[in-house]
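What follows is one structure encoded as structure tokens, with my remarks underneath.
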Amino acid sequence: MKLLEEKIRQDGTAVNEHILKVDSFINHQVDPALMQEMGREIADHFRNRGITKVATIESSGISPALMTALSLEVPMVILKKQPSKILNQDLYQTVVTSFTKETNYELTLSKKYITSEDHVLLVDDFLANGEAATAAIRLIRMSHATIAGLGVLIEKSFQPGHEKLKGQGIEVYALARIGKMGENYIEFWE
Ligand code: G4P
């Protein structure tokens, strides 16, 4: 998506070869008009596939997921993070290891909001190692719902997330794919 690539070039910062800062329009401050365009673009890609829910991981996934859900006219469901294991029969739970943040956390989904009747589109801001998305897919599969795919704003294609998800039979659609980056340059893949 040219609009997002231009915005990343203009307002994003490659902190080093691994981390892209997009705090001014995605992660800390949010550009609502751009977010709505991006949500519509993801929705258009997956439209007419019988999607009943859009699911995301808190917190930065919420803006793109909400805009995608709005465009698809379906509810958005938030998978919530808990610092440690809690006992709760109303939740599906799984552990996620974040390589970027070097932490473990528990990802949870209320049994009420995704059921075997649902066909779910997962949406997130970044795809890096794919650990969070893989855990989200585990939770959705626990509910016996089916998965339409994963839509992300930015994929860091030099990290293994895309391949990992493809290997699990998940279609990945990314609005911007970064092949390589460093202090003063960002290379996008078509
Ligand atoms: P993974 O989910 O793909 O395996 O990635 P990883 O564990 O490495 O990433 C952990 C967190 O860091 C995720 O956010 C992910 O979105 C974010 N992240 C990964 N690479 C980048 C990057 O280059 N730039 C930015 N800005 N974020 C990145 P999170 O912990 O779920 O945090 P949040 O959603 O609350 O913001």
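One-based numbering, in listed order, for ligands and for the atoms of each.
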Of all pairs that satisfy side-chain hydrogen bond (donor to acceptor under 3.5 Å, both in side chains), the ones with a partner from residues 62-78, not counting sequence neighbours: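 For residues 62-78: R47-S71.
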Give me each pair satisfying salt bridge (charged side-chain N to carboxylate O under 4.0 Å, His left out) with a member in residues 119-147, each pair once, sequence neighbours excluded.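 Those involving residues 119-147 are E131-K164.
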Could you note down all residue pairs passing salt bridge (charged side-chain N to carboxylate O under 4.0 Å, His left out) where residues 168-184 supplies at least one of them, sequence neighbours left out?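 Every salt bridge (charged side-chain N to carboxylate O under 4.0 Å, His left out) pair that includes a residue of residues 168-184, provided the two are not neighbours, is R49-E171, E155-R177.
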Indicate whether the side chain of K7 and that of Q10 have a donor and an acceptor atom separated by less than 3.5 Å.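 Side chains of K7 and Q10: no pair found under 3.5 Å.
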Under a 3.5 Å cutoff, is there a donor and acceptor pairing between the side chains of T52 and D118?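 Short answer, yes.
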Checking K53 against Y113: charged group under 6.0 Å from the ring centre and within 45 degrees of the axis?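 Cation-pi check for K53 and Y113: fails.
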Applying a heavy-atom distance cut-off of 4.0 Å, which protein residues contact ligand 1?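 These residues qualify: H18, I19, L20, N27, E58, S59, S60, K81, S98, F99, T100, K101, D125, F126, A128, N129, G130, E131, A132, K156.
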